[in-house]
Amino acid sequence: GVSAPVEVEYTSLWVQDTIAMGNWTFNAGLRYDLQDGVNFAGTTGPSAAPDAFPSVTSTSAVDGGFEWEDITPRLGVTYALGAERDTLLRASFSQFPEALGVGDVMHLNPMSPDGGGAYAYFLFIDGDGDNLFDDGEFYTFLFGRGFDGQNPTSNLNTTDPGLDAEMTSELILGVEHSFLPEFVVGVNYTYRKIEDIKEFRDYVRAPGSSARGRIVTGCADPYSAATLASGVCGDYVFDTFVNGRVPLPDGTPAVATRWALNPGLETSGWSHLTNGSRERDYNGVAVTFNKRLANRWALRGFFNWGESEWDVPTSYHLTADPNDSQLGSDNDGALFMERSSGSGRGDIYLQSTWQWNLTGIYQIAPDRPWGFNVSGNLYGREGYPVPYDTRSTAADGIARNISVVGADLDRFRTDDVTTVDLRAEKTFAATSNVNLTFSIDLFNALNEAYILAREPTLTGGTADNVQDLLSARIWKLGVRVSWK
């Protein structure tokens, strides 16, 4: 087992104040953050295959190679219109540095480089037929990340000492109006820009070399017809066109262009961590309303529309793999999607341009001993994108996922989702100080079976298979005890 302790240290200081002047309210603040980390000494312990994967021991601490120091503002202003001050105009601007995770510190860890995600691919002859690699069996190393067959006990990764935290800048403009004392409607516009996005730039070298190598080069326009016609994109050469095992859902072929490293180069498995030139921009509008509990009922809801897109300059492509293995993040104007994580859930891309929610409660005979409450929740959202890709191994021996929909990542989506949840509850006074609340909940009351996720890789045996469905109708009985 790996024993590679990592410590990340956070130091924060902030100051903020609120000033009220007539119809104006001002909020102003500053936040200071200092973040860094260190990899302590440790060992990977004995290896089951010491010939191919020798154990690694670090006898001294290794610094993360950088520290993040940021001073960020929090600014807000509210203006109340009219004598009744029933209309509020709001504006705010804030910046938020990324919280440092252990993965960036571990990039230089001798025992577990690449944030604990180091891996290697190799072929071997299974001499004893047990379907496992045993020490002494013949093997051929193909490629790795965070692992180098020529330097199996070393970490030759590099990190930019000036690495900065990814920075989010956010501007919010809003208006809120009280049509009644208990009924308020608001509209908000949000703009976000994310800069200093981190990226890993791979090292390449001559085949058989034990050197770290140099950072790989791409080309300015990897998707142009001229680049394809030339068959050359920096350190890459045209390999072939690859097809998915099944066509796209609309019947068109799932075809992608595959590039491979120049035969005079190989990947060394090492990478350089630095801030890239890509940025992301988000624009969104939300409409909200809230009818507070009065006259036995309450209701609140919202509708949100918003998209985040990539802003990718030409300079990014000069050190990027032209295979579009990032599924759109290297296409200018492509939709940004948050990829899920977890066992069996790593191929779900979370992005809904629109979503809405409506929640309400009604009190039936609250002044009677038998009175009870009923409530409901309605929720809807756009289906998640399915950015189909193919997985194949190029002439350079590297297996890649290559997009077959290009920058049009939401060309295909799962079903739009609309769900209805219902609840009834009744509270009894068990004693003067203790109350019992009995409840019945009904989730997915209409028993809809929406497809929530599909397998996006079209080259395996599970191509386009359904990965996840909305849970069937569920009843839940509950009891809550509360006391004064």
Side-chain angles (χ1 to χ4, degrees), residues 16-29 31 72-96 167-195 279-311 333-338 350-362 375-385 410 413 416-421:
Q16 186 162 334
D17 195 15
T18 300
I19 301 173
M21 301 173 58
N23 289 11
W24 294 91
T25 302
F26 299 92
N27 293 280
R31 179 183 175 98
T72 50
R74 307 285 196 272
L75 302 173
V77 59
T78 300
Y79 182 75
L81 283 174
E84 301 297 326
R85 300 189 178 186
D86 51 8
T87 300
L88 301 179
L89 304 178
R90 292 192 174 99
S92 67
F93 175 78
S94 301
Q95 289 187 309
F96 308 95
M167 184 64 68
T168 299
S169 300
E170 180 182 79
L171 173 67
I172 299 178
L173 304 175
V175 56
E176 182 179 287
H177 181 71
S178 296
F179 290 93
L180 296 171
E182 68 276 9
F183 182 57
V184 180
V185 176
V187 179
N188 292 294
Y189 164 74
T190 301
Y191 171 76
R192 297 189 190 99
K193 176 179 283 292
I194 301 178
E195 303 170 283
E279 298 177 350
R280 293 201 305 268
D281 296 301
Y282 171 84
N283 286 277
V285 176
V287 179
T288 63
F289 69 89
N290 185 14
K291 193 277 181 186
R292 292 185 288 272
L293 183 61
N295 300 319
R296 301 184 179 182
W297 67 282
L299 189 69
R300 66 174 181 268
F302 74 85
F303 175 83
N304 185 82
W305 182 96
E307 283 188 346
S308 183
E309 295 183 346
W310 287 98
D311 181 3
L335 190 68
F336 169 73
M337 307 173 300
E338 192 71 50
L350 311 178
Q351 194 281 332
S352 295
T353 301
W354 57 264
Q355 56 185 314
W356 59 269
N357 181 239
L358 185 65
T359 302
I361 184 173
Y362 184 75
S375 59
N377 180 73
L378 282 72
Y379 173 75
R381 64 164 174 81
E382 185 179 27
Y384 291 150
D410 60 343
R413 287 181 176 268
D416 294 343
V417 174
T418 302
T419 62
V420 179
D421 303 322

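Model, not experiment: these values are computed from the prediction.
- A distance of 9.5 Å separates CG of L171 from OG of S94, quoted to the nearest 0.5 Å.
- The distance from the CZ atom of F303 to the OG1 atom of T288 is 13.0 Å, given to the nearest 0.5 Å.
- In this structure, the separation between CG on L378 and OG1 on T419 is 7.5 Å, given to the nearest 0.5 Å.
- When every heavy atom of S178 is checked against every heavy atom of V184, the shortest pair comes out as OG-CG2, 3.5 Å.
- Summarising the geometry, atom CD belonging to E382 is positioned 14.5 Å from atom CH2 belonging to W356; distances are rounded to the nearest 0.5 Å.
- Taken from CG in N357 to CZ in F302, the straight-line distance is 5.0 Å, to the nearest 0.5 Å.
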Give the table of side-chain donor-acceptor pairs shorter than 3.5 Å for residues 291-301, with sequence neighbours excluded, one pair per line with atom names and distance.
residue	atom	partner	partner atom	Å
K291	NZ	A294	O	2.6
K291	NZ	W297	O	2.9
R292	NH2	P181	O	2.0

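- Counting all heavy atoms, side chain and backbone alike, W354 lies closest to G380 at CZ3-C, 4.0 Å.
- Looking at residues two or more places apart in sequence or on another chain, you find a salt bridge (Lys or Arg N to Asp or Glu O under 4.0 Å) between E279 and K193.
- G383 and R413 get closest at one heavy-atom pair: O-NH1, 2.6 Å.
- Taking each heavy atom of Q95 and S169 in turn, the nearest pair found is NE2-OG, 2.9 Å.
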Using the side chain to side chain contact (heavy atoms under 4.5 Å, CB included) rule, take I194 and F96 through it: C-alpha gap first, then chi angles, then the decisive distance, then the call. CA-CA 9 Å; I194 301 178; F96 308 95; over 6 Å; no

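- A distance of 8.5 Å separates OG1 of T168 from CD of E170, quoted to the nearest 0.5 Å.
- Considering L88, D86, V175, T87 in turn, T87 is the only one that fulfils the side-chain contact (heavy atoms from CB on, under 4.5 Å) rule with L81.
- The shortest non-hydrogen separation linking N188 to G174 is OD1-CA, 3.3 Å.
- For the pairing with Y384, the side-chain contact (heavy atoms from CB on, under 4.5 Å) check across V417, L350, D416 returns one residue only, L350.
- Within the 4.5 Å cutoff, no side-chain heavy atoms of T359 are placed close to those of Y379.
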For side chain to side chain donor-acceptor pair (under 3.5 Å), just list the numbers for R85 and N23, CA-CA rounded to whole Å, side-chain angles, deciding distance to a tenth of an Å, and then say yes or no. CA-CA 8 Å; R85 300 189 178 186; N23 289 11; 2.8 Å; yes

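- Donor-acceptor pairing under 3.5 Å is recorded for the side chains of T353 and E307.
- Shown here for E176 and R90, the closest heavy-atom pair between the two residues is OE1-NH1, 3.2 Å.
- Judged as a ring-ring contact (aromatic ring centres under 6.0 Å, His included), and not counting sequence neighbours, the contacts of W24 are F26, Y79.
- R192 contributes no side-chain N or O that, together with a main-chain N or O of Y282, makes up a donor-acceptor pair within less than 3.5 Å.
- Side-chain contact between L358 and F289: present, with at least one pair of heavy atoms (C-beta onward) separated by less than 4.5 Å.
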